[in-house]
Amino acid sequence: MCPDHFSPQKQSSESQESGAQFLADQVARRKNFAIISHPDAGKTTLTEKLLLYGGAIQQAGAVKARGEQRKVTSDWMELEKQRGISITSTVLQFDYRDRTVNLLDTPGHQDFSEDTYRTLAAADNAVMLEDAAKGLEPQTRKLFEVCRLRKIPIFTFINKMDRPGQPPLSLLDEIEAELDLAVWAVNWPIGSGEQFRGVIDRQSKEVVLFGRAERGRQSTERHLRLDDPELKSLVESELLEQALEEIELLDIAGSEMNLELLHAGELTPVFFGSAMTNFGVRPFLDAFLQMAQGPIARGSSDGLVDPLRPDFSGFVFKLQANMDPRHRDRVAFVRVCSGRFEKDMSVCHARTGKTIRLSRPQKIFGQDRAVVDDAYPGDVIGLNNPGMFSIGDTLYKGKKVEYEGIPCFSPEIFSWLRNPNPSAFKNFRKGVNELREEGAVQILYDTDQSKRDPILAAVGQLQLEVVQHRLENEYGVATRLEPMTFQVARWVSGGWNALEKVGRIFNCKTVQDAWHRPVLLFKNDWNLNQLKEDHPDLDLCAVAPVVSGVDPIEL
Ligand code: G4P
């Protein structure tokens with residue numbers, strides 16, 4: 001069992017005080033965020049520009065190259081490459097001005113999966129990136145819903161302003177109406193597409209003019225006061241007038257900027273810019289760092305845990321196997337929530353009560369890994385994981401804390417997993433149980449005991465391919481997937497009793513999750529809505545809370 005305190009070296013009150021001040025300084029300088037967007041909105045491009053400001057990459061194109069490869073898909077070789085790529089950029093840390101910024105990568109494209117959702121559990125802020133021509137897109141909406149669950153502050157960057165887009169007022173209306181978020185435009189565009197001339201900063205009344213550059217090149221920026229007489233000769237008067245009229249409209253009828261509402265996830269500041277031409281990116285980064293919330297206190301079994309709690313604590317939000325194909329290693333990503341993390345520290349593993357020495361913690365940047373000497377709340381560290389960590393596990397020093405864990409998100413793809421070779425059953429069972437524990441996929445079971453094969457339930461198709469591939473390569477079992485026609489899953493909040501009370505239900509299949517809870521599978525939303533209409537008292541939820549103290553069903 002874990003002792004309550006490790007290495008009880010007596011610190012003098014003076015050194016404790018300076019340690020507390022040091023921790024407070026480190027926490028104050030940190031900001032952490034994830035970018036949520038639909039493929040092609042420009043996340044890779046924006047990430048690269050942000051990193052350039054932090055001096056984290058020397059060469060434009062370094063991130064882009066990975067973005068390109070990520071789009072490649074077909075056979076496993078590509079898949080492996082693809083996974084390596086999206087995973088090695090799991091967290092990017094850079095210093096900018098007097099801040100340390102942690103950018104948590106949320107893979108888009110084909111590898112969109114539960115990992116993406118879980119990464120958001122480790123983020124304190126999110127940047128919602130929209131393509132000005134497309135507005136809100138499906139993946140952005142899904143990711144936004146996950147942010148909403150945790151009330152994460154959202155910053156909106158409307159990208160590709162150098163190209164024809166939707167009217168800016170419609171883009172704001174869409175966010176307001178569809179996401180139920182108040183919006184506050186930080187800057188306002190003058191013209192769009194071919195006629196995009198720049199933006200007006202609403203607070204400083206400064207105009208930033210956009211100088212078009214050749215494709216892919218850095219644009220030029222010129223800063224002028226709104227009342228500068230020269231402006232008239234630089235911008236067509238009708239474009240300027242229209243922008244000013246719209247700003248007036250926003251001043252009268254729009255929301256006001258309110259930091260409290262932003263931090264409660266109820267208001268989003270909106271920025272217009274163009275990542276590719278690097279227009280509006282630096283002002284965005286500056287404003288973001290000013291307004292974003294720092295490492296927040298997190299809910300635990302013991303109430304909220306302050307990041308300034310002197311003892312280290314953190315939780316595992318992502319596990320990744322085979323990050324380095326040459327070593328077949330496994331890495332657990334831990335979000336530091338409180339105190340100072342130090343290399344070689346012995347910590348307690350809350351779920352098992354075991355003491356673990358963390359001897360080779362890593363910071364992972366692109367293809368490179370560096371051993372971390374220390375880390376602070378808001379940071380992410382990678383730990384070698386020889387199978388002892390599960391998603392949601394808490395590591396701590398000092399008094400026991402256990403973080404709330406990460407809920408199960410509603411899967412959208414379902415498939416029977418068949419093992420055609422009975423003599424391989426032992427390995428099949430081991431693989432399925434371990435991959436479930438690792439969070440690679442959710443496992444559901446038929447309520448009919450005679451149907452013993454597990455049902456794989458995933459958010460992204462790639463998750464299923466990865467599971468199948470790993471079963472074959474790591475456990476030596478060739479399996480067969482038999483797709484099911486369901487697309488929607490809902491947990492029954494009241495459990496089996498609530499389900500029994502409503503009696504027979506139609507057009508859905510009842511299964512159970514690994515925690516013995518009833519889950520209903522529907523072919524489409526229409527069937528789900530029909531059930532809701534027929535049984536308004538049946539409470540269904542799309543996200544299942546974390547379970548503790550119950551042994552999971554093992555195959
Ligand atoms: P993603 O990671 O969100 O999927 O998007 P990514 O950055 O890869 O960008 C998708 C495409 O959009 C890229 O074009 C990129 O150059 C372009 N893009 C990003 N930001 C802007 C912008 O501000 N303005 C314009 N006009 N385009 C932008 P591509 O043709 O797929 O690649 P490439 O040939 O430009 O490298």
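If you're wondering where the values come from, they're calculated on a predicted model, not measured in any experiment. Both ligands and their constituent atoms are indexed starting at 1 by order of listing. Every heavy atom of this structure was used, including side-chain atoms; hydrogens, water molecules and symmetry mates were not.
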Asker: Testing Phe210, Phe279, Trp188, Phe284 for ring-ring contact (aromatic ring centres under 6.0 Å, His included) with Phe272, which one passes?
Answerer: Trp188

Asker: How does Arg163 reach ligand 1, by side chain, by backbone, by both or by neither, if only non-hydrogen atoms under 4.0 Å count?
Answerer: side chain

Asker: Would you say Gln468 and Glu472 are linked by a side-chain donor-acceptor pair, where the criterion is simply a distance under 3.5 Å?
Answerer: no

Asker: Does any N/O atom on Met276 come nearer than 3.5 Å to any N/O atom on ligand 1?
Answerer: yes

Asker: Which of the numbered atoms in ligand 1 are under 4.0 angstrom from any heavy atom belonging to Thr45?
Answerer: 6 (P), 7 (O), 9 (O), 15 (C), 19 (C)

Asker: Under the criterion side chain to side chain contact (heavy atoms under 4.5 Å, CB included), which of Thr119, Val336, Leu104, Val334 is the partner of Val380?
Answerer: Leu104

Asker: So, Arg148 side chain and Leu179 main chain: donor-acceptor pair closer than 3.5 Å or not?
Answerer: yes

Asker: Evaluating non-hydrogen atoms only, which member of Val281, Leu46, Asp162 is closest to atom 26 (N) of ligand 1?
Answerer: Asp162

Asker: At a 4.0 Å threshold, what atoms of ligand 1 neighbour a non-hydrogen atom of Pro39?
Answerer: 4 (O)

Asker: Short list, please: which atoms of ligand 1 are under 4.0 Å from a heavy atom of Asp40?
Answerer: 1 (P), 3 (O), 4 (O), 5 (O), 10 (C), 12 (O)

Asker: List every atom of ligand 1 that sits less than 4.0 Å from any heavy atom of Thr44, numbering the atoms from 1 in the order shown and giving each element.
Answerer: 1 (P), 2 (O), 7 (O), 8 (O)

Asker: Under a 4.0 Å N-O cut-off, is there an ion pair linking Asp124 with Arg298?
Answerer: yes

Asker: When you compare ligand 1 with Gly273, is there at least one nitrogen or oxygen pair between them that comes in under 3.5 angstrom?
Answerer: no

Asker: Keeping the roles fixed (side chain from Asn32, backbone from Gly294), state whether a donor-acceptor pair exists under 3.5 Å.
Answerer: no

Asker: List every atom of ligand 1 that sits less than 4.0 Å from any heavy atom of Lys43, numbering the atoms from 1 in the order shown and giving each element.
Answerer: 1 (P), 2 (O), 3 (O), 5 (O), 7 (O)

Asker: Considering only heavy atoms, does Ser274 approach ligand 1 within less than 4.0 Å through its side chain, its backbone, both, or neither?
Answerer: both

Asker: Could you pull out every donor-acceptor pair under 3.5 Å between side chains of residues 190-200 and any protein atom, sequence neighbours left out?
Answerer:
residue : atom : partner : partner atom : Å
Arg197  : NE   : Glu236  : OE1          : 2.9
Arg197  : NE   : Glu236  : OE2          : 3.3
Arg197  : NH1  : Glu194  : O            : 3.2
Arg197  : NH2  : Glu236  : OE2          : 2.8

Asker: Will you find, in the side chains of Gln487 and Asn524, an N or O donor that is under 3.5 Å from an N or O acceptor?
Answerer: no

Asker: Considering only heavy atoms, which of Lys160, Gln139, His38 lies nearest to atom 18 (N) of ligand 1?
Answerer: Lys160

